[in-house]
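These notes concern the structure reproduced below.
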Amino acid sequence: MKYVSEFRDKTFIAPLVDELRRTIDRPLRVMEVCGTHTMAIFRHGLRAILPEGLNLISGPGCPVCVTSAAHIDGFIEVAGRQGVRAAIFGDLFRVPGTHGSLARAQSAGAHVEVVYSPTDALALARNHPEEIVVFLSVGFETTIPLVAATILEAQRQEVDNFAVFSAHKIMPPALAALLGDPELRLDGLLCPGHVSTIIGAAAYEPLAAGHGLSCVVAGFEPVDILQALIMVARQAREGRFEVENAYGRAVTWEGNPRARKLMDQVFEPVDCQWRGLGIIPGSGMAIRPEFARFDAEKRFGIRLADTPEPKGCMCGEILKGRKTPADCPLFAGRCTPLDPVGPCMVSSEGTCAAHYRFGQTG
Amino acid sequence: MCLAVPMRVIAVKGIENDYSIPQIGIVEAQGIEKQVRLDLVDRWPEIGDYLIIHAGFAIHTLDAAEAETNLRLLREMAAGVSAESGGEKGSL
Ligand code: SF4
């Protein structure tokens, strides 16, 4: 089974950890940007075997976690409208807005349905011509092209009762904003695997050059993550700050131009609010005016309010890499996956959820 | 949100660049079969190729040569060979 089993070969792990230990010659702070990496690192117990001096910090790469309370409130407002059936990715269901979540809205009578793909939402629209099906969409560059393809298909098939509420975000402007924080003092970034499949490893060049930072694209198997960490450590030892790709089988230098073309055909950059990070210029992707009839915000005249984050929740500081879940007084007490206060505890890729599930207090 | 495991193509329906008919692949991993859309994939796959899938769409067809390079580097690292690292942009 080429491409899979070779990269799960556990006999690589110990020698790779040894190599990492040999390579590190000073303490390193490395941010894993992507929530899927955070989960993989916990699931495989990597934190426990990493050499001392290597400090892994979780970043803002979980699309559910960075969705602002204002967007959740907007989602709830649309889902509650007469004749609307909302379709969502499951992780969004219990994320708190200012007053409750989509789960709460559903128990109050809203139609909310979990789908696996945006095309399932379009199928719902075809099957329920008497309703307007709204896909409440969060996601990064990996997801946005799929939603673009779905909107183009809705246009081709003239499905008029389908709309998308876009809370989409793109990664490079957020990383650039984050790296402006002098407190963060990062040596390296583990760049997200499948966002990079679309945007290409080349997209990190301005970050590496501008911030004196090693940017290494990493896959999701333990050996992939170790390989990427070794690359960061080698760069640190040799005083290089470059983009390297430790996930060549899935990520190319130029990414997937076909997917990017579809994304840019349907969406355009706008300023966007991130949970905890505030408004980041050009970091959101809104539906272009040509496709306004599929834009739920326009169709329903939604205006996003300026809403505060839930009280006491430190998600913002955690997403910025400044704090860990154990620093939050609500962690594992008032805030648990069953009764979450903030989105980082809701999403299966959230940092608080990962720490809770794998019993880490640090 | 990401499915990290690539899936193997067992059938391809549709024609590259022809959007008038559905572009669909049947993929398999660990005995589970799935239908995926091929509209966005960077290289049109053949039977036996592996695909990275995200929310019902294939986003990348894995490349055998790249996977080989990837694996070779891993083996060298595991063997403690500090190959001339870095600089090989776009290749590793
Ligand atoms: S533990 Fe809960 S309240 Fe605290 S930061 Fe995490 S999600 Fe927010």
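Below, read A as the first sequence line, B as the second, and so on, with proteins coming before strands; counting in each chain starts at 1. Values below: all heavy atoms of this structure, side chains included; hydrogens, waters and symmetry mates excluded.
When every heavy atom of B:A78 is checked against every heavy atom of A:P15, the shortest pair comes out as O-CB, 3.1 Å. Nearest heavy atom pair, residue A:R258 against residue B:V41, reads NH1-O, 2.9 Å. Residues A:E153 and B:R37 approach most closely at OE1-NH2, 2.6 Å, considering heavy atoms. Across every non-hydrogen atom of A:T252 and B:H60, the tightest pair is CG2-CE1, 4.2 Å. The minimum heavy-atom distance linking A:P118 with B:A55 is given by the pair CD-O, 4.1 Å.
Contact of B:R75 with chain A is made through backbone and side chain together, with heavy-atom distances under 4.5 Å. Only the side chain of A:I198 comes within contact range of chain B, with heavy atoms under 4.5 Å apart. Heavy atoms closer than 4.5 Å to chain B are found in both the backbone and the side chain of A:A250.
Note: B:L74 CG to A:L16 CG = 6.0 Å, rounded to the nearest 0.5 Å. Rounding to the nearest 0.5 Å gives a distance of 7.5 Å between CD1 of B:I52 and CZ of A:R249. A:D224 contributes atom CG, which lies 6.5 Å from atom CG of B:N70 (distance to the nearest 0.5 angstrom). Distance check: A:E19 CD to B:M77 CE gives 7.0 Å after rounding to the nearest 0.5 Å.
Side chain of A:N256 to main chain of B:L40: a donor-acceptor pair is present (N/O by atom type, distance under 3.5 Å, no hydrogens or angles).
Of the residues considered (B:D63, B:L71, B:T61), B:L71 shows the highest number of contacts with chain A, using heavy-atom pairs under 4.5 Å.
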